[in-house]
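The next block holds one structure in the form of structure tokens; read it before the comments.
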Amino acid sequence: MARNTLMIVVLAAALAVAPAYAAKLYKWVDERGNISYQDRPPPEGVGRVEEKTMREGGGGDSGSPGAAAAAAKSPVTLYMVPKCSSCDQARSYLKKRGVPFSEINVSEKNPQAQQEMIKKLGELSVPTITVGGKVMQGYVESLLAGELDQAGYPKPEAKPETAETPEAAPAQ
């Protein structure tokens with residue numbers, strides 16, 4: 001009897017805690033065409049919003065208290081243009097790591113964003129990534145990872161490596 005009660009209590013606790021491990025990531029486009037990825041819902045009146053539920057350990061940590069605290073202290077912005085492979089790589093890395101970030105399109109179709117970038121950062125260069133007050137021009141994964149680590153963003157979980165067995169040499 002005590003064993004059944006214990007199992008029911010453990011099962012109830014597991015079911016109550018399970019939703020806490022689900023993090024939401026929101027994606028929306030503002031009136032100037034800038035794309036934002038955040039762990040918080042967008043402001044009221046934003047058009048189409050995409051919402052993705054992510055599980056902890058399943059490719060992102062964006063809903064964790066560590067990511068939220070780091071984002072509040074050192075927000076991340078990706079300045080990009082369409083059809084830019086380095087911009088795509090940077091975006092992919094930020095998503096994979098679960099970092100909430102804003103994306104600003106500084107293509108010729110968005111001269112206001114270009115002027116704001118020049119005023120804020122001094123020049124037009126893509127991809128440019130800001131982590132708090134730090135500015136990185138170009139994308140080098142190890143440098144971006146170091147800046148994110150230093151800003152307090154949670155590190156991605158290490159995946160266990162599988163040991164490869166060497167192929168047996170043919171007998172002679």
Side-chain angles (χ1 to χ4, degrees), residues 20-159:
Y21 288 102
K24 291 199 183 244
L25 187 62
Y26 300 91
K27 174 186 173 187
W28 69 90
V29 180
D30 69 13
E31 66 279 354
R32 293 189 342 228
N34 299 321
I35 301 171
S36 290
Y37 296 89
Q38 300 288 327
D39 58 352
R40 297 176 298 279
E44 290 295 321
V46 172
R48 192 176 117 215
V49 177
E50 293 179 24
E51 187 177 316
K52 182 176 181 184
T53 301
M54 301 174 69
R55 295 275 175 202
E56 292 297 321
D61 201 2
S62 66
S64 75
K73 186 178 79 171
S74 299
V76 176
T77 302
L78 170 63
Y79 294 89
M80 50 67 71
V81 295
K83 298 181 183 178
C84 164
S85 63
S86 295
C87 301
D88 294 342
Q89 290 172 343
R91 180 184 312 104
S92 177
Y93 178 77
L94 291 167
K95 285 181 181 180
K96 179 177 78 174
R97 183 150 170 180
V99 174
F101 65 99
S102 295
E103 187 171 326
I104 299 177
N105 180 346
V106 292
S107 69
E108 65 277 353
K109 293 179 181 178
N110 201 348
Q112 184 179 3
Q114 288 181 346
Q115 293 305 315
E116 288 175 13
M117 182 179 180
I118 291 170
K119 184 177 179 182
K120 186 175 182 179
L121 305 174
E123 65 181 301
L124 282 175
S125 174
V126 292
T128 295
I129 305 162
T130 60
V131 179
K134 303 237 178 144
V135 178
M136 294 178 50
Q137 292 183 329
Y139 170 69
V140 177
E141 184 175 318
S142 59
L143 295 177
L144 178 55
E147 292 296 338
L148 294 171
D149 292 346
Q150 192 173 29
Y153 285 92
K155 294 182 182 184
E157 293 182 18
K159 293 182 181 171

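Along the sequence shown, residues carry numbers from 1. Note that these values count all heavy atoms, side chains included, but never hydrogens, waters or copies made by symmetry.
- Between L148 and R97 there is a side-chain heavy-atom pair separated by less than 4.5 Å.
- When all heavy atoms are compared, the tightest approach of P75 to A72 is CD-O, 4.4 Å.
- Counting heavy atoms from C-beta outward, E147 and Y153 have side chains that stay 4.5 Å or more apart.
- In this structure, the separation between NZ on K95 and CG on L78 is 10.5 Å, given to the nearest 0.5 Å.
- The CD1 atom of I129 sits 4.5 Å away from atom CG of L144, with the distance rounded to the nearest 0.5 Å.
- Partners of E116 by salt bridge (Lys or Arg N to Asp or Glu O under 4.0 Å), not counting sequence neighbours, listed by chain and number: R32.
- With values rounded to the nearest 0.5 angstrom, L124 atom CG is found 10.5 Å from Y79 atom OH.
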**Request:** Might you work through the side chain to side chain contact (heavy atoms under 4.5 Å, CB included) test for T130 and L121, ending with a clear yes or no?
**Result:** CA-CA 9 Å; T130 60; L121 305 174; 4.0 Å; yes
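- Nearest heavy atoms, M136 versus V140: CE-O, 4.2 Å.
- The line from CD of Q89 to SG of C84 is 8.5 Å long, rounded to the nearest 0.5 Å.
- A donor-acceptor contact shorter than 3.5 Å is absent between the side chain of Q137 and the backbone of P127.
- Contact annotation: the side chain of I104 never approaches that of M80 to less than 4.5 Å [non-hydrogen atoms, C-beta and beyond].
- Taking the side chain as every heavy atom from C-beta outward, T128 and V106 never approach each other to under 4.5 Å.
- Side-chain atoms of P82 and N105, non-hydrogen and from C-beta on, do get closer than 4.5 Å to each other.
- When every heavy atom of A151 is checked against every heavy atom of A70, the shortest pair comes out as O-CB, 3.7 Å.
- In this view, K109 satisfies the salt bridge (Lys or Arg N to Asp or Glu O under 4.0 Å) rule with no residue, not counting sequence neighbours.
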